[in-house]
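Given the structure is predicted, the values throughout are model-derived calculations rather than measurements. Indexing begins at 1, ligand by ligand and atom by atom, following the structure's order. What's counted below: heavy atoms across the whole structure, side chains too, no hydrogens, waters or symmetry copies. Sequential numbering from 1 along the given sequence is applied to the chain's residues.
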Amino acid sequence: MNSCRGARTAMVVGAGVAGLTAAAALAGAGWQVEIAEVSPSRATSGWGLCLTGPALRALAGLGLADDCLAAGYGMSVITHVDADGEPAGRARLPSLLGARRPAMAGIARPVLHRILHAEAERRGAVVRHGLTVTAVDQEGELVHVGLSDGTVRQVALLVGADGIRSSARGLLGLATSLDYHGQMVWRALVPRPQWATGIHQFAGKAGTAGLVPLSVSRAYVFLTENGVERSVLPEAELVPRLQQMLETFPGRMAEVLPLVSASESESVVRRPVLTAFLAGAWNRGNGVVIGDAAHAPAPQMASGAALAIEDGLVLAEELGRHSSVGAGLEAFVRRRGQRCRTLVETSVAIARLERAQRHRETYPLTETGHRLMAEPA
Ligand SMILES: Cc1cc2nc3c(=O)[nH]c(=O)nc-3n(C[C@H](O)[C@H](O)[C@H](O)COP(=O)(O)OP(=O)(O)OC[C@H]3O[C@@H](n4cnc5c(N)ncnc54)[C@H](O)[C@@H]3O)c2cc1C
């Protein structure tokens, strides 16, 4: 039995955006942190993410915003095109990091993970791959965490950051449903067209699609398929099926089509739109869940990563402010609950309107969601 006792010891389950951020923030505050990540290697399968202003602001809290801007593609404008190909709005977003910095950034997921990984390790967190949690038992101020390699840790804090299908959540005795919203989302990595210097979003007859730059040379295409059963397509069908759907979109989407055909089939992914929100407590004793394990919005608001990064920072902050882990976790959940609930609910409302082809009605909701997220975390 491997024992690691101590007042400020933490086991984090999951080396995703939330887990790595929490580990970096906790280690920076003097905690001894170990991360158990189920994937056997650091390689993260790779499509892109949009880091909105609040995500960049939270990354700045870890000193990482400039690294992400340098490794990704900074931008400030979202262009909407309606189903007839007419411009439906062009929003220039203010930067939360000051006028000299862009409002948001597109970044390849593996690049973001590499930056977060390096920072967590630089601050002293230990990341173990191919490891998961199998049992959780709490005794007074100690959490006994059983791991899949047969070892046990005794720590002051357990953080479940293992995503929407969290195992840690179940082991802590917390339960939530995963809700499917009749939409499948697609992502495809493509070369960046020169004109794509901001986000372009196109409303089609049957869904929405668009383009997000990730670097000077790359971008990703996104597409939301509406009113479909949840299903898995054979890999060979992904590229032709995506092309077929993109053909129905107006405007410059026609220019993106040949780029998708050139893309490798493994750079195209299709996922169900699932949401989750843990309505009651997110903590039990000295264990807590964060990130998608507690609140997973639909991807339409592009804010799940922002919430996950904020969680890591706020968790370390509240634990630093309170004399017991339990009191720190209560304060963390109080501070995060309403913001995350509103964001998840807004994303679900947007998904519902998209399904009903009421795209224009989604714009004010998206704006309200972003305004909420611009408030301090
Ligand atoms: C298609 C799509 C597009 C999206 N686009 C955006 C976007 O543009 N902008 C944005 O902000 N958000 C976006 N999101 C949401 C964003 O990806 C998530 O909110 C964010 O990744 C949540 O981070 P997390 O660390 O909580 O979970 P995850 O990123 O899911 O990380 C969980 C980690 O835990 C590990 N793990 C899982 N189970 C176990 C286990 N049992 N034991 C140990 N480790 C485990 C996983 O391997 C993973 O490393 C998108 C989501 C989807 C599905």
Check: Just to confirm, does any protein heavy atom lie below 4.0 Å from atom 53 (C) of ligand 1?
Finding: no
Notebook entry, point to check: In Å and rounded to the nearest 0.5 Å, what is the CG to CG distance from Leu259 to Leu189?
Noted result: 12.0 Å
Notebook entry, point to check: Taking the minimum heavy-atom distance to atom 1 (C) of ligand 1, which of Val12, Asp162, Val185 ranks first?
Noted result: Val185
Checklist line | Polar atom proximity, Ser167 to ligand 1 (N or O, under 3.5 Å) | finding: yes
Item checked: Pick from Ala168, Gly16, Pro299: the one approaching atom 31 (O) of ligand 1 most closely through a non-hydrogen atom -> Gly16
Item checked: Residues Glu310, Arg339; criterion salt bridge (charged side-chain N to carboxylate O under 4.0 Å, His left out); working and verdict -> CA-CA 11 Å; Glu310 289 176 358; Arg339 180 182 183 89; 2.9 Å; yes
Notebook entry, point to check: Which one of Leu49, Thr21, Ile290 has a non-hydrogen atom at the shortest distance from atom 14 (N) of ligand 1?
Noted result: Leu49
Margin query: Under the salt bridge (charged side-chain N to carboxylate O under 4.0 Å, His left out) definition, can you give me all pairs with a residue in residues 320-333, not counting sequence neighbours?
Written below: Glu317-Arg321, Glu318-Arg321
Notebook entry, point to check: When you measure from atom 11 (O) of ligand 1 to each heavy atom in Ala305, Ser347, Ser166, which option holds the nearest one?
Noted result: Ala305
Checklist line | Side chain, backbone, both or neither: the part of Ser303 lying under 4.0 Å from ligand 1 by heavy atom | finding: backbone
Check: Do any nitrogen or oxygen atoms of Ala308 lie less than 3.5 angstrom from nitrogen or oxygen atoms of ligand 1?
Finding: no
Margin query: Any nitrogen or oxygen of Val133, side chain or backbone, less than 3.5 Å from one on ligand 1?
Written below: no
Check: For atom 50 (C) of ligand 1, which of Met373, Arg187, Arg271, Arg109 has the closest heavy atom?
Finding: Arg109
Checklist line | Any Met301 heavy atom less than 4.0 Å from ligand 1 | finding: no
Checklist line | Pairing residues for Asp66 by the salt bridge (charged side-chain N to carboxylate O under 4.0 Å, His left out) criterion, not counting sequence neighbours | finding: Arg101
Check: Tell me, which protein residue and heavy-atom name are nearest atom 49 (O) of ligand 1, and how many Å apart are they?
Finding: Glu37 OE1, 2.7 Å
Note to self: Val38 versus ligand 1: do any nitrogen or oxygen atoms come within less than 3.5 Å of each other?
What the structure shows: yes
Checklist line | Arg165 and ligand 1 - part of the residue with a heavy-atom distance under 4.0 Å | finding: neither
